[in-house]
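Following: one structure in structure tokens, then a few remarks.
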Amino acid sequence: MKRSVCLAAIYILAGIFPVAQSQAPDPLREDIMRLLVRIDAKLADSDSFGAGIVIGAQNDQIYIVTANHVVRDGTQPRHDVQVEFRGLRGKPVPAVLASHFDVGEDLAVVTVANAKLHGIDVNSFPFDRVGDPAVLTRGDPVFLAGHPQGVPWSLSVTPDGFIESDEEWLRFESKSLYPGDSGGALLNFHLEIVGLLRKDEQPNGEALSITKVLAMLKEWGYPVTLRQRFTIANLETLSTGAGHTCYVNAHGVASCWGSNSDGELGNGTPNDNAQPSPVRGRLVFVSVSAGSDHSCGVTATAAAFCWGDNTTGQLGGDAGEGSRSPVPVSGAIPFAAVSAGLDHSCGLTTNGAVYCWGSNEHGQLGNGNKTASATPVPVGGGHTFSSVRAGTLFTCGITNSGSAYCWGANTIGQLGNGSKADSPVPLLVSGGLNFSSISTGGAHACGVTTGGKGYCWGDNDHGQLGDSSDSSSLVPAPVAAGLTFAFISAGKTFSCGLTRAGAPYCWGWGNDAVTASETDAPTNVPAPVFGSKDLVLKSISAGQTHACGLTAGGEVYCWGMNNYGQLGNGSKDESVRPVLVSPQP
């Protein structure tokens, strides 16, 4: 039975895409299919067939990982191994079994030499299609990509249900497994590879975690190019803005609530909303960022969209003065993350470059001048970044080496380089610290080092640096209280941090509600969020006068001012305690 379908059809079943879009070309499906190969082999009088995943290329040679039983009977190698690529339909090419294999893990490597001679462009493989198996939870939808019953390049239509992970193994219940799926890919909802299929018998499927697969291949010395497009450090699934909040749930649906005077909720209406309202367009998002009067998000296809106010070009597209629905950021640039600031936005590409667009009077676009741009312009300096955050009039990012750079306004030291001079190009943050995350607020920034230590710099009139003083700092100042942080979010005039144990703390002053504490600690040091004793969060976001947090189970809580309904609980009453967003987006 042929099961090749476009991804849009899958989303129809999931209730995400309208039928009218079912015939649209699907880049996600095409990406996966280009990485997938068919493998045929022989042993004595028996034939074997299955699938494999292209994991890298070097010196005109292609490296493919598969299930060992597809190409061996235990330790006995099969012969006459043939590999067929999607771009060479019907034209199998000879392959060689590599010396490394593992019977217990059911893992093997095959290679194809002379790629150019066979007409294969090694640069055409979309290697940034790996997902994170660690974030899968019971019941999450997973899909199969393989060659069931010999059908080439098949993607399951109906999602299977993830059951559990056991360190290396991912288990799921399936009615879609057939012989020929072995060696293929287990995919998450965004059609990213999370595992290598091992079993091809219903009803209980099993796959080796892609994290384990890649670790073994690297240990064996193979040139692994397969990687994540969207890393957890980059993904902002919950974000608070000036008077609104946005969130992307586990199924890629983006919702916003609160102020909507400029269309920042993206729901096509001019009305504020005190409860979550889905963003128009039925796009499948991986992250979202709420700015002042606009919002931006990145879809699973690495496309950036923005909506809301556009008076300074902060939407990055042809949207006039603004748009109440998502508009694509111009340039067709593949983004891994995007961040919305006051009146500018910045995006991190899948290869680590940063582009910014919108207002630029202080050099916050980072391209060496102070001219506004309604289209993305590359940030100067030649750095390769792992994350970027747009603040009020400045921007900060972290390079792959862990160094922090900032650019734009610097009147209060928010660039953290020891001066008060604006800069239209990235400047290294002082201190020689190695950061794992960074966040920008009104006129201050905060970062967490790889060791979990918190540092903030810039404006401190309200104690938002958390260093027990009210003095601004031109260089990173250590956050007091000796906490080990997972992340710190810089709001307008306050900050909130999340410890590695999931406990939320806030400091500074956004209003009496957002920084309320059950202790008598001054507001210039971290204090536990009022009423959060039993609340364990996995992410936190500080806005202008409110904050929100997300639990591991996907529940969103907010606290602080609520004059626009930005707490999302159906009322406009402020709350010193975290209140559950209702209904859950």
Side-chain angles (χ1 to χ4, degrees), residues 230 234-269 271-300 303-310 314-316 322-327 329 335 337-342 345-347 389-390 439-441 489 491-492 496 537-551 554-562 564-569 580-585:
F230 308 109
N234 292 333
L235 298 187
E236 193 175 2
T237 57
L238 175 66
S239 181
T240 53
H244 71 295
T245 308
C246 293
Y247 172 63
V248 174
N249 67 18
H251 300 297
V253 178
S255 299
C256 298
W257 56 93
S259 173
N260 197 32
S261 57
D262 290 284
E264 54 265 47
L265 301 190
N267 62 2
T269 77
N271 306 316
D272 296 350
N273 202 319
Q275 292 182 305
S277 177
V279 173
R280 290 188 70 183
R282 297 185 180 273
L283 298 163
V284 181
F285 286 94
V286 294
S287 68
V288 69
S289 178
S292 179
D293 298 312
H294 76 293
S295 308
C296 296
V298 172
T299 69
F305 288 80
C306 295
W307 54 94
D309 182 31
N310 193 42
Q314 59 264 53
L315 300 191
S323 175
R324 298 188 181 280
S325 301
V327 295
V329 173
F335 284 106
V338 67
S339 181
L342 173 66
S345 307
C346 293
R389 290 290 188 270
S439 177
T440 50
S489 179
K492 184 178 181 181
C496 290
L537 302 177
K538 72 173 186 178
S539 68
I540 196 166
S541 180
Q544 181 167 300
T545 56
H546 76 294
C548 294
L550 175 67
T551 70
E555 295 178 321
V556 181
Y557 287 83
C558 297
W559 61 96
M561 288 290 287
N562 196 27
Y564 300 108
Q566 58 263 49
L567 301 191
N569 66 337
L580 184 66
V581 172
S582 179
Q584 281 290 289

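No experiment lies behind these values; they were computed from the predicted model shown.
The side-chain heavy atoms of V279 and C256, taken from C-beta on, include a pair separated by under 4.5 Å. The side-chain heavy atoms of V253 and P585, taken from C-beta on, include no pair separated by under 4.5 Å. A heavy-atom distance below 4.5 Å is found between the side chains of V556 and Q584. Looking at heavy atoms from C-beta onward, D262 lies out of side-chain contact with H294 at the 4.5 angstrom threshold.
In this structure, CD1 on I540 lies 11.0 Å from CG on L550, to the nearest 0.5 angstrom. How far OG1 of T545 is from CG of N562: 9.0 Å, rounded to the nearest 0.5 Å. Here the CG atom belonging to N569 is positioned 12.0 Å from the OH atom belonging to Y557, to the nearest 0.5 angstrom. Here C496 contributes atom SG and H546 contributes atom NE2; the two are 10.5 Å apart, rounded to the nearest 0.5 Å. Here Y564 contributes atom OH and L265 contributes atom CG; the two are 12.0 Å apart, rounded to the nearest 0.5 Å. Annotation: the span from T240 atom OG1 to K492 atom NZ amounts to 13.5 Å, rounded to 0.5 Å.
Contact record, V581 with G568: CG1-O, 3.4 Å, taken as the closest heavy-atom pair. Heavy atoms only, all atoms of each residue included: E236 and V338 are closest at OE1-O, 4.3 Å. Residues S325 and W307 share a closest heavy-atom pair of O-CB, 3.5 Å. Pairing each heavy atom of P326 with each of L283, the nearest pair is CB-CD1, 4.1 Å. When every heavy atom of T237 is checked against every heavy atom of V288, the shortest pair comes out as O-CG1, 3.8 Å. In terms of heavy atoms, Q566 sits closest to T245 at O-OG1, 2.9 Å.
Using a distance-only test at 3.5 Å, with no hydrogens or angles considered, no donor-acceptor pair links the side chain of S289 to the main chain of C296. In this structure a side-chain-to-backbone donor-acceptor pair under 3.5 Å is present from S239 to A290. With hydrogens and angles disregarded, no donor-acceptor distance shorter than 3.5 Å links the side chain of S439 to the backbone of S489. Here the side chain of S541 pairs no donor or acceptor atom with the backbone of C548 at under 3.5 angstrom. Although no hydrogens or angles enter the test, the distance criterion places a donor-acceptor pair under 3.5 Å between the side chain of Q275 and the main chain of S582. For N260 (side chain) and N271 (main-chain N/O), a donor-acceptor pair under 3.5 Å exists by modelled atom type.
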Let me see the working for C306 and Q314 under side chain to side chain contact (heavy atoms under 4.5 Å, CB included), right down to the final yes or no.
CA-CA 8 Å; C306 295; Q314 59 264 53; over 6 Å; no
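Results of the side-chain contact (heavy atoms from CB on, under 4.5 Å) test with F305 over V327, T299, V298 single out T299 as the only residue that passes.
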